[in-house]
Number of protein chains: 2
Amino acid sequence: MPYRLYYWPGLPGRGEFVRLALEEAGAPYVDVGRLPASEGGGAGAVVAARKGALGGIPPFAPPILQVGDLVLAQTAAICAWIGERHGLVPADPEARAHAVQLQLTVMDLVAEAHDTHHPLAIGKYYEEQREAAAVKAAQFRTERMPAFFSYFRRVLAASGGPWLLGATRGYVDLSLFQVLSGLDYAFPLAYAREVPAELQVLRQRVAALPNIAAYLLSPRRQAFNEHGIFRRYPELDG
Amino acid sequence: MPYRLYYWPGLPGRGEFVRLALEEAGAPYVDVGRLPASEGGGAGAVVAARKGALGGIPPFAPPILQVGDLVLAQTAAICAWIGERHGLVPADPEARAHAVQLQLTVMDLVAEAHDTHHPLAIGKYYEEQREAAAVKAAQFRTERMPAFFSYFRRVLAASGGPWLLGATRGYVDLSLFQVLSGLDYAFPLAYAREVPAELQVLRQRVAALPNIAAYLLSPRRQAFNEHGIFRRYPELDG
């Protein structure tokens with residue numbers, strides 16, 4: 001039974017963390033939001049899923065994963081679900097808890113990156129909050145992003161590498177790859193200045209995983225753009 | 001072996017979500033940050049833990065839970081760990097995943113509540129970002145808080161209640177209690193206007209659990225204040 005992913009069409013967004021896990025797992029999935037509306041897809045299908053049309057415990061927001069009777073939301077919860085069923089995290093409970101810890105820290109970084117262009121109101125345009133965004137982005141570039149980078153470098157040192165949790169690649173590595181790629185897109189100057197060599201190596205290591213390498217070359221992979229989490233507004237890059 | 005919680009003294013903060021789970025579980029724990037420095041506690045002990053002094057996979061920020069060889073960070077990861085070992089979540093994997101989903105949504109609401117007084121820079125004082133805070137708080141009061149309230153009411157309706165996941169109280173109920181209490185403290189006018197009756201009932205139901213009722217009357221429970229996540233700045237309550 002294939003997984004069904006419900007996420008907004010037109011941007012990689014938080015759905016991309018789920019896609020990377022599914023792709024590395026080699027798990028069949030339908031990217032419902034990217035199907036034509038005539039095939040039951042499109043933004044309308046995502047809106048309906050968000051409103052609870054799939055049943056079960058309702059989601060607050062996409063991404064939403066459906067498989068069998070399960071309807072699950074929240075990016076980190078979905079990645080853990082996939083990871084634990086497809087060998088993308090070690091089997092022992094401590095390692096699984098640490099994977100959740102690291103995934104939540106990745107998602108915190110994602111949220112802070114998003115808030116650089118939407119510091120005041122999620123429901124308003126960037127152009128309505130540009131001044132506040134400039135302040136927020138400056139703090140992000142000079143303090144927050146370096147703090148997260150330094151943190152993940154320390155995690156690699158503590159685990160012994162080459163992956164965040166040690167010897168085996170897992171869903172957290174895929175998610176860190178995605179946020180590093182997004183930050184490189186949105187803040188190319190600050191990223192080049194701040195990224196530790198160890199994280200660049202990890203990013204390249206993920207991109208070279210056979211399933212991921214094939215995915216990145218496929219039409220299933222979407223480019224970053226200015227509708228998503230990671231937006232290239234040069235004025236926010238200092 | 002008692003749990004050891006590392007969290008900043010002087011505010012309930014994100015540590016409180018962990019304390020509520022430990023208290024309801026009846027699990028012995030040491031609140032290290034609230035011990036005197038002469039007994040190895042205080043802010044210095046929390047700083048050291050944050051810097052990795054406890055070993056293992058390092059934490060990015062408190063709260064940090066230590067038990068045996070495990071050192072675990074991220075509020076939602078800690079609550080899930082405790083909940084799964086002390087009967088604060090059903091045993092089936094689907095319910096556990098849904099608990100994580102709901103806990104992450106509670107934590108998203110916590111983060112948005114925090115950002116009302118720190119929209120631009122975590123490292124600066126509220127007084128340095130008051131104008132932006134007024135804009136952020138207005139959107140929070142009128143759009144975001146009601147959206148989250150409406151969501152959790154729908155979850156109760158979907159589960160059949162009386163608890164978020166159905167028949168049995170769990171760690172997610174405790175966390176929702178805490179965020180409702182915090183929002184009532186920080187935004188008393190908006191909270192009274194917006195909170196659905198079903199969520200008030202749930203909040204009272206949690207407060208009446210014997211272990212929680214005893215905890216709330218004990219000196220271990222800390223009052224909200226203007227150093228924490230939920231701050232009563234009347235100008236932000238509209």
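Lettering follows sequence order; numbering is per chain, from 1. Keep in mind that what you see is a predicted model, and the values were worked out from it rather than measured.
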Legend entry - Residue selection (most heavy-atom pairs with chain B, distance under 4.5 Å) from A:A137, A:A147, A:A121: A:A121
Legend entry - Close side-chain approach of A:V46 to A:I64, heavy-atom, < 4.5 Å: no
Legend entry - Set of residues satisfying ring pair (Phe, Tyr, Trp, His ring centres under 6.0 Å) with respect to B:F17, sequence neighbours excluded: none
Inset, instruction - For residues B:L20 and B:V206, determine if any side-chain heavy atom of one lies less than 4.5 Å from a side-chain heavy atom of the other. - result: no
Inset, instruction - Heavy-atom distances under 4.5 Å only: say whether B:F152 touches chain A with side chain, backbone, both or neither. - result: neither
Legend entry - Where B:A99 and B:V172 come nearest, the two heavy atoms and their spacing: O-CG2, 3.4 Å
Inset, instruction - Would you mind telling me which of A:A76, A:P58, A:P119 has the largest number of heavy-atom pairs within less than 4.5 Å of chain B? - result: A:P58
Legend entry - Straight-line distance of B:L156 CG to B:L165 CG, nearest 0.5 Å: 9.5 Å
Inset, instruction - Between chain A and each of B:A157, B:A73, B:A61, B:A77, count heavy-atom pairs under 4.5 Å; write down the option with the most. - result: B:A73
Legend entry - Which portion of A:I78 sits near chain B, non-hydrogen atoms under 4.5 angstrom: neither
Legend entry - Closest approach of B:I229 to B:G13 (non-hydrogen atoms, all atoms of both residues): CD1-C, 3.6 Å
Inset, instruction - Under 4.5 Å, counting heavy-atom pairs only, tell me which of B:P59, B:G123, B:A111 racks up the most with chain A. - result: B:P59
Legend entry - Atom pair CG (A:L102) and CG (A:L176), whose distance is rounded to the nearest 0.5 Å: 9.0 Å
Legend entry - Which atoms of B:L104 approach chain A - backbone, side chain, both or neither, heavy atom under 4.5 Å: both
Inset, instruction - Look at B:A132, B:A158, B:P93, B:A138 and state which one has the largest set of heavy-atom pairs under 4.5 Å with chain A. - result: B:P93
Inset, instruction - Could you pull out all residues at least two apart from B:F177 that satisfy ring pair (Phe, Tyr, Trp, His ring centres under 6.0 Å)? - result: none
Inset, instruction - Give, as side chain, backbone, both or neither, the part of A:L70 having an atom under 4.5 angstrom from any heavy atom of chain B. - result: side chain
Inset, instruction - Identify the two heavy atoms, one from B:A45 and one from B:V32, that lie closest to each other, and give their separation to 0.1 Å. - result: CB-CG1, 3.9 Å
Using atom types as modelled and no hydrogens or angles, find all donor-acceptor pairs between chain A and chain B shorter than 3.5 Å.
{"from": "A:P58", "atom 1": "O", "to": "B:Q101", "atom 2": "NE2", "distance (Å)": "3.0"}
{"from": "A:P58", "atom 1": "O", "to": "B:Y151", "atom 2": "OH", "distance (Å)": "2.6"}
{"from": "A:V71", "atom 1": "O", "to": "B:H98", "atom 2": "NE2", "distance (Å)": "2.8"}
{"from": "A:A73", "atom 1": "N", "to": "B:Q101", "atom 2": "OE1", "distance (Å)": "2.9"}
{"from": "A:Q74", "atom 1": "NE2", "to": "B:T105", "atom 2": "OG1", "distance (Å)": "3.0"}
{"from": "A:Q74", "atom 1": "NE2", "to": "B:D108", "atom 2": "OD2", "distance (Å)": "3.0"}
{"from": "A:H98", "atom 1": "NE2", "to": "B:V71", "atom 2": "O", "distance (Å)": "2.7"}
{"from": "A:Q101", "atom 1": "OE1", "to": "B:A73", "atom 2": "N", "distance (Å)": "2.9"}
{"from": "A:Q101", "atom 1": "NE2", "to": "B:P58", "atom 2": "O", "distance (Å)": "3.0"}
{"from": "A:T105", "atom 1": "OG1", "to": "B:Q74", "atom 2": "NE2", "distance (Å)": "3.0"}
{"from": "A:D108", "atom 1": "OD2", "to": "B:Q74", "atom 2": "NE2", "distance (Å)": "3.0"}
{"from": "A:P119", "atom 1": "O", "to": "B:K136", "atom 2": "NZ", "distance (Å)": "2.9"}
{"from": "A:K136", "atom 1": "NZ", "to": "B:P119", "atom 2": "O", "distance (Å)": "2.9"}
{"from": "A:Y151", "atom 1": "OH", "to": "B:P58", "atom 2": "O", "distance (Å)": "2.6"}

Inset, instruction - Would you name the heavy atoms of A:A113 and A:L183 that are closest together and state the gap between them? - result: CB-CD2, 3.9 Å
Legend entry - Most chain A-contacting option - heavy-atom pairs closer than 4.5 Å, from B:L72, B:L164, B:V100, B:V135: B:L72
Legend entry - Non-neighbouring partners of B:F187 that pass ring pair (Phe, Tyr, Trp, His ring centres under 6.0 Å), sequence neighbours left out: B:F140
